[in-house]
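Note sheet for the following structure.
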Amino acid sequence: MDNVIRRRTLGARAARVTLYAALLLAALFYLLPLAVMLITSVKPLAEITPGTLLALPQEPTLAPWTKAWGEACTGMRCEGVGVYFFNSIAIVVPAVLISTLIGALNGYALTKWRFKGSELLFALMLFGCFIPFQVVLLPMAQTLGWLGLSSSRAGLILVHVIFGVAFTTLFFRNFYVAVPTELVSAAKLDGAGFFRIFWRILLPVSAPIIVVSVIWQFTQIWNDFLFGVAFSGHDTQPVTVALNNLVNTSTGAKEYNVDMAAAMIAALPTLVVYVLAGKYFVRGLTAGSVKG
Amino acid sequence: MSPSPSMARPADGPGARRSRAGTLHAWLPKLVLAPSVAISLFFVYGFMLWTFILSLTNSRMLPSYEFVGFAQYARLMTNDRWWVASSNLVVFGGLFVAICLVLGLLLAILLDQRIRQEGALRTVYLYPMALSFIVTGVVWKWLLNPGLGIQAMVRGWGFEEFRFDWLVDPDMAVYTLVIAAVWQASGFVMALFLAGLRGIDDSILKAAQLDGASLPRVYWRVVIPCLRPVVFSAVMILSHIAIKSFDLVVALTGGGPGYATDLPATFMYTHAFTRAQVGLGSASAMLMLGGVLAILIPYLYSELRSRRHG
């Protein structure tokens with residue numbers, strides 16, 4: 001469009017300035033909460049007074065962070081969010097790996113070994129992406145009880161795998177549909193089996209979709225609150241539940257700096273993943289939600 | 001797992017061997033899929049049915065199977081708190097979807113003007129989507145806290161009369177949910193629209209401009225109509241997020257003041273898990289499912305239709 005719009009005229013220049021101003025203003029709107037969270041988390045409590053929301057700390061301190069990590073009260077206990085951070089890791093890592101592996105095998109079977117009714121099965125599984133989870137909470141609570149997994153990390157892993165597989169299957173299925181079938185057919189003629197073809201032909205080209213699936217599942221499960229609050233016990237809470245308890249615990253003076261430090265701690269893992277692998281994050285978002 | 005090498009007894013001809021290996025080949029993919037399908041049948045469809053059955057019983061603290069027909073639904077219909085929750089969902093969902101669409105489209109169009117540092121800006125607009133709604137709620141609760149947040153800051157600048165205390169105002173608190181949710185999700189809508197804009201053939205734009213159409217006119221008459229499918233998907237995703245919104249309410253307002261900011265998702269959780277009203281909670285969960293289906297079915301229908309037609 002450059003040859004149509006003459007950039008050098010005064011009007012066009014003014015338009016350009018306005019454009020950048022609007023974009024920067026929007027950037028400020030998105031950045032402000034993060035900035036305030038960060039600033040507040042390194043302020044001593046004495047500096048948190050009305051009207052100092054944006055003021056930089058006079059005497060920056062990491063004390064709120066250490067307190068949020070190891071001492072702050074979350075409900076009845078006062079051992080910080082650190083232990084719950086590790087709970088989240090212990091839940092997220094196995095759940096992500098298992099659901100990604102199952103999704104990959106499902107996607108492979110659904111695209112390269114089609115059979116009568118396989119599309120119907122896919123549609124059947126896909127529906128799991130869309131249900132509001134409130135509709136499974138009560139039966140799930142009872143089933144976890146029967147399995148002896150109430151309030152356990154294993155129970156939460158199971159729940160996340162069950163409801164994550166619909167998404168991972170969708171990712172891998174849509175990715176493998178685009179992988180040429182000729183190679184697979186040739187390998188079949190040569191007598192290569194199901195797993196051998198997966199291992200030698202599909203897996204080597206799957207790196208991008210594995211990254212998308214891992215990031216999507218990691219973000220979803222790390223940020224989960226509903227399953228965490230419904231199915232975890234005192235010792236097995238994920239960090240999001242602990243953060244909410246910490247913020248809502250009212251003993252003594254409200255320590256906003258500690259609240260903000262705890263929120264930063266809960267937010268950092270997914271933020272880091274986003275900054276490092278933003279491209280794949282966006283791809284997962286669009287693939288996970290647009291392609292129905 | 002390669003097929004068994006030729007160890008077959010002479011009696012088995014090559015044809016028999018192939019058919020045995022063929023049977024395995026035919027069954028293995030189904031065996032691999034079977035656990036997921038079984039899980040889906042039990043944990044998704046079975047549980048939906050189970051919740052529906054619970055909603056027909058008078059279960060309170062624990063599930064009981066004494067059937068009372070649709071009495072729980074009737075109770076729900078006369079429950080003031082349920083009506084507050086449902087009308088909140090209409091207000092919250094409507095505003096959330098509308099503002100996200102407008103803001104997302106606007107940002108995408110602005111970003112599509114050959115902007116320097118486009119990548120950096122995009123990253124900034126989108127990062128809230130990586131956060132948990134709990135973190136979002138905690139941060140906005142702090143910003144909207146009248147005593148120490150934005151209100152106090154603006155008053156500190158000399159505007160003593162400035163009021164922004166929606167968080168503690170029962171009539172306005174639901175709008176704080178809109179603010180926080182828009183902050184979190186609008187960047188994502190921007191990304192969807194930007195991808196849509198990049199998919200539009202440049203020559204259409206050039207032709208329209210050569211015809212003398214002004215830039216806003218080109219966007220309004222040519223570009224935005226091209227984005228209709230994106231709008232459609234975005235509306236579906238956003239309304240889905242709105243119906244499921246639970247964590248944001250818990251962290252930002254706790255459903256309060258009173259129950260002024262309850263949504264169906266928090267209503268269901270409160271009644272089923274803390275107020276010992278399992279039957280009523282199940283009925284509300286079924287109505288939520290109905291809401292999702294009401295959005296989903298037209299969407300899937302049109303998707304399938306458009307796929308079949310081209």
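Sequence lines set the chain letters: A, B, ... in the order given, protein chains first and strands last, and positions in each chain run from 1. Computed from a prediction, not measured in an experiment: that's the story for all the values here. Heavy atoms only: backbone and side chains are in, while hydrogens, waters and symmetry mates are out.
- Heavy atoms closer than 4.5 Å to chain B are found in the side chain of Ile102(A), but not in its backbone.
- Neither the backbone nor the side chain of Ala262(A) comes within contact range of chain B; no heavy atom of the residue lies under 4.5 Å from a heavy atom of that chain.
- Between chain A and the options Arg122(B), Met48(B), Lys30(B), heavy-atom pairs under 4.5 Å are most frequent for Lys30(B).
- With a 4.5 angstrom heavy-atom cutoff, Ile215(A) does not touch chain B via any of its atoms.
- Looking only at distances, no side-chain donor or acceptor of Ser40(B) sits under 3.5 Å from a matching main-chain atom of Ser36(B).
- Gln113(B) places a side-chain N or O within 3.5 Å of a backbone atom of Ile109(B) that can act as its donor or acceptor partner.
- Contacts of Met140(A) with chain B are made by both backbone and side-chain atoms, with heavy-atom separations under 4.5 Å.
- Both the backbone and the side chain of Leu137(A) come within less than 4.5 Å of a heavy atom in chain B.
- Interface remark: of the candidates Phe133(A), Tyr20(A), Trp222(A), Tyr108(A), Tyr20(A) forms the most heavy-atom pairs closer than 4.5 Å to chain B.
- Note: Phe198(A) and Tyr176(A) have perpendicular aromatic rings, judged against thresholds of 30 and 60 degrees for the angle between ring planes.
- Of the listed residues (Met260(A), Met37(A), Gln220(A), Arg114(A)), the one with the most heavy-atom contacts under 4.5 Å to chain B is Met260(A).
- For chain A, the option among Val250(B), Asp247(B), Asn145(B), Ile134(B) with the highest count of heavy-atom pairs below 4.5 Å is Ile134(B).
- Contacts of Val138(B) with chain A are made by both backbone and side-chain atoms, with heavy-atom separations under 4.5 Å.
- Contacts between Tyr45(B) and chain A at a heavy-atom distance below 4.5 Å involve the side chain alone, from C-beta outward.
- With a 4.5 Å cut-off on non-hydrogen atoms, Ile197(A) does not touch chain B at all.
- With chain B as the partner, the residue from Thr240(A), Thr219(A), Val165(A), Leu138(A) showing the most heavy-atom pairs under 4.5 Å is Leu138(A).
- Contact of Ile150(B) with chain A is made through backbone and side chain together, with heavy-atom distances under 4.5 Å.
- Listed options Leu111(B), Leu41(B), Val124(B) were ranked by heavy-atom pairs under 4.5 angstrom with chain A; first place goes to Val124(B).
- Residues Phe43(B) and Val136(A) have side chains not in contact (no heavy-atom distance under 4.5 Å, counting atoms from C-beta outward).
- Although no hydrogens or angles enter the test, the distance criterion places no donor-acceptor pair under 3.5 Å between the side chain of His160(A) and the main chain of Val92(A).
- Taking chain A as the reference chain and counting heavy-atom pairs below 4.5 Å, the highest number among Gly147(B), Ala285(B), Gly156(B), Ala130(B) is found for Ala130(B).
- The most heavy-atom pairs under 4.5 Å with chain B, out of Ala266(A), Gly128(A), Ala230(A), come from Ala230(A).
- In this structure, chain A has heavy atoms under 4.5 Å from both the backbone and the side chain of Met288(B).
- Interface residue Arg116(B): backbone and side-chain heavy atoms are both found under 4.5 Å from chain A.
- To the nearest 0.5 angstrom, Phe130(A) atom CZ is 11.5 Å from Ile295(B) atom CD1.
- Side-chain contact between Leu126(A) and Cys129(A) is present, with heavy atoms from C-beta onward closer than 4.5 Å.
- Distance check: Thr111(A) OG1 to Phe122(A) CZ gives 10.0 Å after rounding to the nearest 0.5 Å.
- The closest side-chain heavy-atom distance from Leu271(A) to Leu34(A) is below 4.5 Å.
- Between the side chain of Ser186(B) and the backbone N or O of Leu103(B), no donor-acceptor pair lies under 3.5 Å.
- Of the listed residues (Ala109(A), Ala263(A), Pro132(A)), the one with the most heavy-atom contacts under 4.5 Å to chain B is Pro132(A).
- For the set Gly103(A), Ala141(A), Ala22(A), Ala26(A), the count of heavy-atom pairs under 4.5 angstrom toward chain B peaks at Ala26(A).
- Heavy atoms of Thr40(A) lying under 4.5 Å from chain B belong exclusively to its side chain.
- The shortest distance between side-chain heavy atoms of Phe127(A) and Leu296(B) falls below 4.5 Å.
- When heavy atoms are compared at a cutoff of 4.5 Å, Val229(A) approaches chain B by way of both its backbone and its side chain.
- Interface summary for chain A: among Trp140(B), Tyr125(B), Phe273(B), the most heavy-atom pairs under 4.5 angstrom belong to Tyr125(B).
- Residues passing the side-chain contact (heavy atoms from CB on, under 4.5 Å) test with Leu106(B), sequence neighbours excluded: Leu110(B).
- Proximity to chain B (any heavy atom under 4.5 Å) is shown, for Met125(A), by both the backbone and the side chain.
- Of the residues listed (Tyr269(B), Phe267(B), Phe133(B)), the one engaging Phe246(B) in a ring pair (Phe, Tyr, Trp, His ring centres under 6.0 Å) is Tyr269(B), and it is the only one.
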**Request:** Please assess Thr143(A) against Phe47(B) for the test side-chain contact (heavy atoms from CB on, under 4.5 Å), listing each intermediate value before the final yes or no.
**Result:** CA-CA 10 Å; Thr143(A) 307; Phe47(B) 279 12; 3.3 Å; yes

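- Proximity to chain B is limited to the side chain of Gln142(A), based on heavy atoms less than 4.5 angstrom apart.
- For the options Val44(B), Val154(B), Val135(B), heavy-atom pairs under 4.5 Å to chain A are most numerous at Val135(B).
- Contact of Val135(A) with chain B is made through backbone and side chain together, with heavy-atom distances under 4.5 Å.
- Under the 4.5 Å side-chain criterion, counting only non-hydrogen atoms from C-beta, Gln237(A) is in contact with Asn245(A).
- Nearest heavy atoms, Ala267(A) versus Leu131(B): CB-CD2, 3.6 Å.
- Residue contact with chain A, scored on non-hydrogen atoms closer than 4.5 Å, involves the backbone and the side chain of Leu126(B) alike.
- Inspection of the Asn106(A) and Thr169(A) side chains reveals an N or O donor paired with an N or O acceptor under 3.5 Å.
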